[in-house]
Protein chains: 2
Amino acid sequence: MQNARLTRDDVARAALRILDELGLPDLTMRRLAAELNVRPSALYWHFPNKQTLLADLADRIVTRRHPAESASGWDGRLRAEAFVLRDALLAYRDSAEIVSSSLALGLGENPAHARLRQALDSSPFDAESADRAATTMLHFLLGHVSLEQQRLQYDSLGARSGEPVTLESHEGDFRFGVDILIAGLRDRASADSPAPS
Amino acid sequence: MQNARLTRDDVARAALRILDELGLPDLTMRRLAAELNVRPSALYWHFPNKQTLLADLADRIVTRRHPAESASGWDGRLRAEAFVLRDALLAYRDSAEIVSSSLALGLGENPAHARLRQALDSSPFDAESADRAATTMLHFLLGHVSLEQQRLQYDSLGARSGEPVTLESHEGDFRFGVDILIAGLRDRASADSPAPS
DNA sequence: ACCTGAACACCGTTCAAGT
DNA sequence: ACCTGAACACCGTTCAAGT
């Protein structure tokens, strides 16, 4: 049972395992070290601190699924990207919270934003508006999935008042938000480009 | 210098003071107790735990400013409510994060959601759509202000790459999102009610 | 009713020293 | 280069006991 040398990758992957087995609150440096048969201080050779590790996880979670290519038009692509991102987030417990806080800390360019932004490259919006549109979508998306994941955990834990809150209802809520946003963007696009007045 | 008996209200108000003087990370039960010249365990007579205290703060922050009445139409009211909520949040440091996590924990009906929802009472949407619309707006709003507050703190702390990020640019981003959302809702409202096809 | 004292069971992080 | 040992400076929470 000799331990092979640890790589940065080993650490991140073990962290992801703990994350969706036990959830974010139980993803402590000490727990992670124990999982890797190593003393906690060893982790600080591979990552300068916990925040950096979490940012790395956020990247891995978001990058896992690749962009949807088939959709047509900037609106179709933006919509497809939003759904793919939601799927990617739903694959790991508490992922939305991790991505949100990494976004807030602003460590590097956020890949989730970059992908939504890219879908808008073929749109009639100027760079500033495209950025804002991507940000608006991202905020809605993270807020929605964050809440969805918390509800799932609460429900599985038993105690919840009233309705069971089905998966379909969550997807319906999500579709509603995405559709509203895209309809609003289409409206602005047609107001901006053909009639500068 | 005799200490008068502590009330629940005293605790909450001291917490709010610490919050916008030092920020959420420094709002610990031990620091709060010290501020009130009391031992940490004393706080647990007034609040069962820290989460409940934070939920109480979230309520106070959101309820501080009262709803805008003057706007006309459900869209005008929704827009006004969104701007008032943003103002209320900007009045306290890290408030968006507190409101978000209280929302996630789902302690009681969220007052922020209730106010956005109320603005939609006069809209043509059915109850489910109105709920979804309010939720969508809330997610965007909290995500936006959360990021805005983090950026403000980062900038004031010095180290930041590139642009200074002005207050106006944040307000522009916010207006953009709100306008897109409302345009999308108007679009759906006119598609739903007059032409069922 | 309201609070203290003292403990329990934890955290993230640093850093000299080992191999 | 990679890790241990040991410490530092903290957390939230509980609960018997005091007043």
Side-chain angles (χ1 to χ4, degrees), chain A residues 1-19 21-58 93-94 97-98 101-102 104-105 107 150 153 157 159, chain B residues 1-19 21-58 93-94 97-98 101-102 104-105 107 150 153 157 159:
Chain A
M1 281 295 193
Q2 284 289 88
N3 290 322
R5 239 38 176 293
L6 226 54
T7 68
R8 205 182 140 96
D9 210 72
D10 292 331
V11 176
R13 287 161 68 161
L16 280 178
R17 257 180 7 244
I18 292 177
L19 182 63
E21 275 167 24
L22 305 173
L24 184 54
D26 287 329
L27 176 51
T28 66
M29 297 304 265
R30 298 173 117 99
R31 177 88 186 68
L32 178 55
E35 183 88 359
L36 293 163
N37 289 118
V38 126
R39 261 16 78 200
S41 50
L43 301 175
Y44 290 84
W45 195 90
H46 299 280
F47 290 91
N49 50 52
K50 191 179 182 180
Q51 262 172 24
T52 308
L53 169 61
L54 292 180
D56 194 283
L57 299 187
R93 210 191 319 195
D94 295 335
E97 209 179 323
I98 292 179
S101 67
S102 294
L105 268 299
L107 305 174
Q150 294 271 9
Q153 215 160 327
L157 233 127
Chain B
M1 280 296 192
Q2 283 290 89
N3 290 322
R5 239 40 176 292
L6 226 52
T7 69
R8 205 182 140 96
D9 210 71
D10 293 331
V11 176
R13 287 161 69 163
L16 280 178
R17 250 172 20 235
I18 292 177
L19 182 64
E21 275 167 24
L22 305 172
L24 184 53
D26 286 330
L27 176 49
T28 67
M29 297 303 265
R30 297 174 117 98
R31 178 87 186 68
L32 178 55
E35 183 86 1
L36 293 162
N37 288 118
V38 127
R39 261 15 79 199
S41 50
L43 301 175
Y44 289 84
W45 195 90
H46 299 280
F47 290 92
N49 50 53
K50 191 179 182 179
Q51 264 172 26
T52 308
L53 169 61
L54 292 180
D56 194 283
L57 299 187
R93 213 196 311 200
D94 295 335
E97 209 179 322
I98 291 180
S101 66
S102 295
L105 269 298
L107 305 173
Q150 293 272 9
Q153 214 159 329
L157 232 126

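Naming convention: chains lettered A, B, ... in sequence-line order (proteins, then strands); numbering from 1 in each chain. Atoms considered below: every heavy atom in the structure, side chains included; atoms not considered: hydrogens, waters and symmetry mates.
- To the nearest angstrom, P of D:dC2 lies 7 Å from CZ of A:R5.
- When all heavy atoms are compared, the tightest approach of A:L6 to A:H46 is O-CE1, 3.0 Å.
- Closest-nucleotide positions on DNA chain D for A:R30 and A:P40 were compared, and the one nearer the 5' end corresponds to A:P40.
- Comparing A:R31 and B:T7 by the nucleotide of DNA chain C whose heavy atom lies nearest to each, the residue mapping closer to the 5' end is B:T7.
- If you take CD of A:Q51 and C1' of C:dG12, they are 11 Å apart, rounded to a whole angstrom.
- As a whole-Å value, the separation of B:L32 CG from D:dG12 P is 10 Å.
- The side chain to side chain contact (heavy atoms under 4.5 Å, CB included) check on B:D26 picks up B:L22, with sequence neighbours excluded.
- Without hydrogens or angle criteria, B:R93 side chain to B:E21 main chain gives a donor-acceptor distance under 3.5 Å.
- Following rounding to the nearest Å, B:L43 (CG) and C:dC3 (P) show an atom-to-atom distance of 9 Å.
- A distance of about 22 Å separates the P atoms of D:dC10 and C:dA9, rounded to the whole Å.
- Along DNA chain C, the nucleotide nearest to B:L6 and the one nearest to A:A42 differ in position, and the one closer to the 5' end is contacted by B:L6.
- Closest to the side chain of A:W45, out of D:dC3, D:dG12, D:dC2, is D:dC2.
- Residue B:M29 contributes atom CE, which lies 11 Å from atom C1' of D:dC11 at whole-angstrom precision.
- The separation between A:L54 atom CG and C:dG12 atom C1' is 12 Å, rounded to whole Å.
- Among the duplex regions that DNA chain C forms, those built from at least three successive Watson-Crick or G-U pairs under 3.5 Å are C:4-8 with D:12-16, C:12-16 with D:4-8, ordered by first number.
- Considering every non-hydrogen atom in both A:T28 and A:K50, the closest pair reads CA-NZ, 4.1 Å.
- The side chain of A:H46 places an N or O atom within less than 4.0 Å of a non-bridging phosphate oxygen (OP1 or OP2) of D:dC3.
- For B:Y44 and C:dC3, the OH to C1' distance is 15 Å, given to the nearest whole Å.
- One interatomic measurement links the two molecules: CG of B:L36 to P of C:dT4, which rounds to 10 Å at whole-angstrom precision.
- The side chain of B:R39 lies closest to C:dG5, out of C:dG5, D:dC11, C:dG12.
- Taking CG of A:L19 as the start and CG of A:L16 as the end, the distance is 6.5 Å to the nearest 0.5 Å.
- Across all strands, A:S41 comes closer than 4.0 Å to base atoms (heavy-atom distances).
- When all heavy atoms are compared, the tightest approach of B:A14 to B:L36 is CB-CD2, 3.7 Å.
- Across all non-hydrogen atoms, the minimal contact from B:L32 to B:I18 is CA-CD1, 3.7 Å.
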